[in-house]
Amino acid sequence: MTDAKPNGALTLRTVAMPADANPAGDIFGGWVMAQMDLASGITASERAKGRVVTAAVKEMAFALPVKIGDTLSVFTTIERVGRTSITLSVEAWATRARYNNMEKVTAATFIMVALDESGQPTPVPAE
Ligand SMILES: CCCCCCCCCCCCCCCC(=O)SCCNC(=O)CCNC(=O)[C@H](O)C(C)(C)COP(=O)(O)OP(=O)(O)OC[C@H]1O[C@@H](n2cnc3c(N)ncnc32)[C@H](O)[C@@H]1OP(=O)(O)O
């Protein structure tokens, strides 16, 4: 058990299933990244009031494995709003099925870009 606490708003929760595991029994990093991408998309599209795409993912580090049956919670913070881009700090925490403690497994910076109806970058509106 750790005293550390997540940073950001709880944006998405889901359970790691056997189909998400690699042959060694740990959950694929790509699955974890996809959940973080979805959470970034939710927060950024709410801020942009429209469609967003992922332009870049930076400094992703897989600190601890996610195991089958863990609950994955993704927390997002908007760090910066540019002209058309939104930069988010994203943390993924796993609640271990057997022990009921939560650990930070992964963190990254996601850069999302607001798009207009023709798929071109468009300014993020004022709040
Ligand atoms: C309404 C309510 C909603 C409700 C709630 C709905 C929830 C619904 C959730 C759905 C959740 C889906 C979330 C999954 C989202 C995908 O998975 S999207 C799929 C993967 N991504 C892609 O396919 C994107 C492909 N790339 C592209 O289309 C283009 O490269 C981009 C990203 C549009 C950028 O185009 P571009 O011509 O390079 O544009 P450019 O004007 O040069 O740059 C635009 C901005 O991006 C920045 N940028 C571009 N590249 C980079 C880079 N490598 N690094 C840093 N910044 C960069 C620029 O600095 C610029 O920033 P600003 O200065 O304007 O702030």
Side-chain angles (χ1 to χ4, degrees):
M1 180 72 95
T2 167
D3 291 334
K5 295 267 187 289
N7 296 299
L10 176 60
T11 308
L12 182 147
R13 296 183 83 203
T14 188
V15 177
M17 299 295 281
D20 307 316
N22 64 28
D26 291 333
I27 297 300
F28 281 113
W31 179 84
V32 176
M33 190 173 173
Q35 309 314 309
M36 296 168 79
D37 200 19
L38 280 172
S40 300
I42 290 168
T43 298
S45 57
E46 286 173 348
R47 176 63 185 83
K49 301 182 176 69
R51 180 182 164 201
V52 298
V53 285
T54 313
V57 182
K58 295 188 174 173
E59 295 175 28
M60 177 162 251
F62 293 95
L64 292 172
V66 177
K67 302 287 186 182
I68 294 168
D70 288 352
T71 299
L72 191 79
S73 301
V74 183
F75 298 82
T76 58
T77 306
I78 294 178
E79 298 288 358
R80 177 178 175 273
V81 177
R83 196 180 80 82
T84 67
S85 67
I86 299 172
T87 300
L88 302 102
S89 168
V90 183
E91 296 184 0
W93 288 66
T95 304
R96 307 301 184 181
R98 294 186 183 179
Y99 305 105
N100 199 31
N101 67 327
M102 198 160 77
E103 296 179 304
K104 183 160 79 172
V105 292
T106 307
T109 300
F110 280 69
I111 297 149
M112 314 299 286
V113 174
L115 298 185
D116 64 18
E117 290 188 357
S118 61
Q120 296 305 307
T122 191
V124 177
E127 265 184 306

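Atoms within each ligand, like the ligands themselves, are counted from 1 in listed order.
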Considering non-hydrogen atoms of the protein only, which is the closest contact for [atom], and what is the distance?
{"atom": "atom 46 (O) of ligand 1", "value": "V113 CG2, 3.2 Å"}
{"atom": "atom 17 (O) of ligand 1", "value": "D37 OD2, 3.3 Å"}
{"atom": "atom 28 (O) of ligand 1", "value": "V53 CG2, 4.5 Å"}
{"atom": "atom 63 (O) of ligand 1", "value": "R83 N, 4.1 Å"}
{"atom": "atom 33 (C) of ligand 1", "value": "L115 CD2, 3.8 Å"}

Per-atom contact, [atom], protein heavy atoms, under 4.0 angstrom:
{"atom": "atom 30 (O) of ligand 1", "result": "no"}
{"atom": "atom 43 (O) of ligand 1", "result": "no"}
{"atom": "atom 3 (C) of ligand 1", "result": "yes"}
{"atom": "atom 26 (N) of ligand 1", "result": "no"}

P6 backbone acceptor or donor facing E91 side chain under 3.5 Å:
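Here the side-chain-to-backbone pair does not exist.
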
Hey, does the side chain of D116 reach the backbone of S118 with a donor-acceptor pair shorter than 3.5 angstrom?
yes

Using distance alone, determine whether E46 and ligand 1 share an N or O pair under 3.5 Å.
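No, E46 has no N/O under 3.5 Å of an N/O on ligand 1.
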
How long is the span from the [atom1] atom in [X] to the [atom2] atom in [Y], to the nearest 0.5 Å?
{"X": "T54", "Y": "M36", "atom1": "OG1", "atom2": "CE", "answer": "11.5 Å"}
{"X": "F62", "Y": "M33", "atom1": "CZ", "atom2": "CE", "answer": "7.0 Å"}
{"X": "R96", "Y": "N101", "atom1": "CZ", "atom2": "CG", "answer": "7.0 Å"}
{"X": "I42", "Y": "L88", "atom1": "CD1", "atom2": "CG", "answer": "11.5 Å"}
{"X": "Q35", "Y": "T106", "atom1": "CD", "atom2": "OG1", "answer": "11.5 Å"}

From the candidates [options], the one that places a heavy atom nearest [atom]:
{"atom": "atom 22 (C) of ligand 1", "options": "I111, T54, I86, V81", "value": "T54"}
{"atom": "atom 7 (C) of ligand 1", "options": "G119, S45, S85, A48", "value": "S45"}
{"atom": "atom 49 (C) of ligand 1", "options": "A34, A55, P121", "value": "A55"}
{"atom": "atom 11 (C) of ligand 1", "options": "G50, G41, A56", "value": "G41"}

Show your working on side chain to side chain contact (heavy atoms under 4.5 Å, CB included) between V81 and R47 and close with a plain yes or no.
CA-CA 9 Å; V81 177; R47 176 63 185 83; 4.1 Å; yes

Is it true that, when you exclude K49 itself, more than 12 heavy atoms of the residues, nucleotides or ligands shown sit nearer than 6.0 Å to its NZ?
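Above 12, so yes.
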
Taking 4.0 Å as the limit for heavy-atom contacts, which would you say applies to K49 with ligand 1: side chain only, backbone only, both, or neither?
backbone

Ligand 1-proximal atoms of T84, by part, heavy-atom distance under 4.0 Å:
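Both the backbone and the side chain of T84 come within reach of ligand 1.
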
Please list, in number order, the atoms of ligand 1 under 4.0 Å from a heavy atom of G82.
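Answer, ordered by atom number: 65 (O).
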
With a 4.5 Å cut-off on side-chain heavy-atom distances among I, L, V, M, F, W and Y, is there a chain of contacts connecting W93 to M60?
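Unlinked, W93 and M60 end up in two clusters.
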
